[in-house]
Amino acid sequence: MAATECDEQGGRAYYVTTPIYYVNDAPHLGHAYTTVAGDVLTRWHRQRGEKVWYLTGTDEHGQKIMRTAEANGVTPQEWADKLVDEAWRPLWEHLGIRNDDFIRTTEQRHTDRVQEFVQDLFDKDEIYKGGYEGPYCVGCEEYKLPGELLDGEGEFAGQKLCPIHRTPVEILKEENYFFKLAAYGPKLLAHYEANPGFIQPESARNEVVNFVRQGLQDLSISRSTFDWGVPVPWDEKHVIYVWIDALLNYATAVGYNENPRKFEETFPADVHLVGKDILRFHAIIWPAMLMAQGLPLPGRIAANGWLMVGGEKMSKSNLTGIKPQDLTSHFGVDAYRWYFLRAIAFGQDGSFSWEDFTARYTSELANDYGNLASRVAAMVGKYYGGTLPETTSGGVAEEAVREGLTKAVAEADRKIGEELDFQGGIQAIFDFVKQVNGYLTEQEPWKVAKDTSPDGQAVLATILYTAAESLRGVAVLLNPVMPEASQKLWESLGADETLGPLADQRVQDAGTWGQLPAGTTVTKGAVLFPRLEEKPA
């Protein structure tokens, strides 16, 4: 959806964000997992008829980016430009991500507003000058508490390691500016108590609450040992701490201090999607910053778990990074979008394996869903010349199918649209697909077709109409998850000619029975989910 279309709709937008991703390297499956989840969520709300704004982008400042650029013999800006143009934007386009904006922290529309925000806090006496010495993880761009660190072994014996990256921390000592974060501990705890759904899942909420209860320390919000960042406006010997810079993208991208109307209609986010390793930044520092500035807090912060390969978190640092294109080239983009949300409960850690993906693809996509679509189109073609017959009979079996679709719509809408339970919502839809397959198996239309009497033909017409109308509902429900396959099915059913564009169909109305008119031309198109070739080397 273009920005102008969103603005023209009026009213407040359903605003969803991903983290803005570090451009120290190309994106891997973990980045894509969060971004696809956000895309499915926002597509779902668009198909509810809501105004939506979906933001993603890249975090391009900080010591980690500077060192990566130096190691590659280019400036940090050149490195960021290359990665964004050659890796990040192309992948989101490849995966069908319909983000409304892509924010880069090196853009002036962002950096100017960051300086204004921090200057305001300084003027309000929320920031003071001090010194700090402590263990710092460049990978996290964060000072660590001594109790968090791990004892190194092997090549790192005798050193302290970051618990996330498992690499040695550096002891930094420098003069910094500090935000009075400690003062916001009681206010944060009060907000968590009053809004139990503010942090999800519950395990993540408990972790944050326990951390804040132990007492917060004031936050260093500047660095003076390098210059790749947004200058502190009142002291250009310092640059603004990369996380303060980064978190503000959620405000600067929607018009903070620049477009009051846009800001009012969009901010704050309804949902911040984050990885659990950056939860504290979003659930503690970000709301404290907003409180200090008198701005409203986001609706909820939803932390997804880690993707695991061989029992280890998938990341570049432990060499388990896998390119999404490695999978889409074999399984297809739609299957890729479906698999991770179907196989892993959002908010929990989950393991990926090629074997599990293959098994689920074959069983659920190819055999259950794809084969159902092919069978129905083939039988309408064989028995009615491709013209959808009119249903003139029906009984308990057909009523059960209609009720099954109604149930699937309600459950999927609640789970995906409200609870962010993508796995549960997709499961509800595929339970209905299984029900329709079972209906055809029980009704045996290939046998009923042999009865050429008017009664027999009426029964056959009812069976095939029931199956085709069921597929119409499924196409609508799965469109946010698998838009390409859903569009193919929509066209196969002739629904684009009779009901209009698939994107205009509201998910909550998908269960209204009888929308696909008799007389519609049904064609057997390409197989939705082709048989997989052998696993590439």
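In this text, all values refer to a predicted model and were calculated from it rather than measured experimentally.
Ring orientation note: the planes of Phe178 and Tyr128 are close to parallel, at an angle under 30° on the 30°/60° scale. Using cut-offs of 30° and 60° for the angle between ring planes, the His282 and Trp243 rings count as perpendicular. Between Phe179 and Tyr184, the ring planes lie parallel to each other; the angle is under 30°, not in the 30° to 60° tilted range. Between Phe430 and Trp338, the two ring planes are tilted [angle within 30° to 60°]. Ring geometry, Tyr339 versus Phe357: the interplanar angle falls under 30°, so the pair is classed parallel (tilted spans 30 to 60°). Note on ring orientation: taking the six-membered ring where Trp is involved, the planes of Trp92 and Trp88 are perpendicular (angle over 60°, cut-offs 30° and 60°).
For the 3.5 Å distance criterion, the side chains of Lys415 and Gln427 fail to qualify, holding no donor opposite an acceptor. For the residue pair Glu491 / Gln487, a side-chain donor-acceptor distance below 3.5 Å is found, with atom types taken as modelled. No side-chain donor-acceptor contact under 3.5 Å links Trp79 and Asn24.
Proximity of a side-chain donor or acceptor of Gln505 to a complementary backbone N or O of Gly473 within less than 3.5 Å is not detected. At least one donor-acceptor pair closer than 3.5 Å links the side chain of Arg337 to the backbone N or O of Leu95. Between the side chain of Arg12 and the backbone N or O of Thr266, at least one donor-acceptor pair lies under 3.5 Å. Formation of a donor-acceptor pair under 3.5 Å by the His110 side chain with backbone atoms of Ala253 is not found in this model. When atom types are taken as modelled, the side chain of Asp334 and the backbone of Ala485 share a donor-acceptor pair closer than 3.5 angstrom.
Here the side chains of Thr58 and Thr106 are not in contact, with every heavy-atom distance at 4.5 Å or above. Between Leu290 and Leu297 there is a side-chain heavy-atom pair separated by less than 4.5 Å. Inter-residue side-chain proximity for Leu91 and His94 is flagged as met; some heavy-atom pair is nearer than 4.5 Å. When side chains are defined from C-beta on, Leu188 counts as touching Ile284, because their heavy atoms get closer than 4.5 Å. Under the 4.5 Å side-chain criterion, counting only non-hydrogen atoms from C-beta, Gln423 is not in contact with Phe346.
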Is there a side chain to side chain contact (heavy atoms under 4.5 Å, CB included) between Leu478 and Tyr369? Walk through the geometry before answering. CA-CA 11 Å; Leu478 287 178; Tyr369 182 30; 3.6 Å; yes
Does the pair Gln508 and Arg48 meet the rule for a side-chain hydrogen bond (donor to acceptor under 3.5 Å, both in side chains), with working shown? CA-CA 7 Å; Gln508 64 267 42; Arg48 279 180 162 184; 5.3 Å; no
Mind running salt bridge (charged side-chain N to carboxylate O under 4.0 Å, His left out) on Arg280 and Glu207 for me, showing each step along the way? CA-CA 9 Å; Arg280 291 181 189 174; Glu207 175 195 325; 3.7 Å; yes
Stepwise side chain to side chain contact (heavy atoms under 4.5 Å, CB included) check, Phe432 with Leu477: CA-CA 11 Å; Phe432 177 66; Leu477 293 176; over 6 Å; no
Would you sort out whether Leu327 and Leu29 count as a side chain to side chain contact (heavy atoms under 4.5 Å, CB included), showing the intermediate values? CA-CA 10 Å; Leu327 300 182; Leu29 295 185; 4.0 Å; yes
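Across Pro19 and Tyr250, no two heavy atoms sit closer than the pair CA-OH, 3.6 Å. Contact record, Tyr22 with Lys64: CD1-NZ, 3.2 Å, taken as the closest heavy-atom pair. Here the closest heavy-atom approach between residue Leu55 and residue Phe102 is recorded as CD1-N, 4.5 Å. Contact detail for Val271 and Leu273: the closest heavy-atom pair is CG1-CD2, 3.7 Å. Looking at every heavy atom in both residues, Asp81 comes nearest to Arg104 through OD1-NH2, 2.6 Å.
A salt bridge links Glu484 to Lys488: one of the charged nitrogens lies within less than 4.0 Å of a carboxylate oxygen. The pair Glu265-Lys51 meets the salt-bridge criterion, with a side-chain N (NZ, NE, NH1 or NH2) lying under 4.0 Å from an Asp/Glu carboxylate O. Salt bridge status for Arg414 with Asp421: absent, with no side-chain N to carboxylate O gap under 4.0 Å. The existence of a salt bridge linking Lys82 and Glu60 is excluded, since no basic side-chain nitrogen approaches an acidic carboxylate oxygen closer than 4.0 Å.
Other residues, nucleotides and ligands contribute only 12 or fewer heavy atoms inside 6.0 Å of the CD atom of Glu202. Atom NZ of Lys276 is surrounded by more than 12 heavy atoms from other residues, nucleotides or ligands within 6.0 Å.
In this structure, Phe529 has its ring center no closer than 6.0 Å to that of Phe331.
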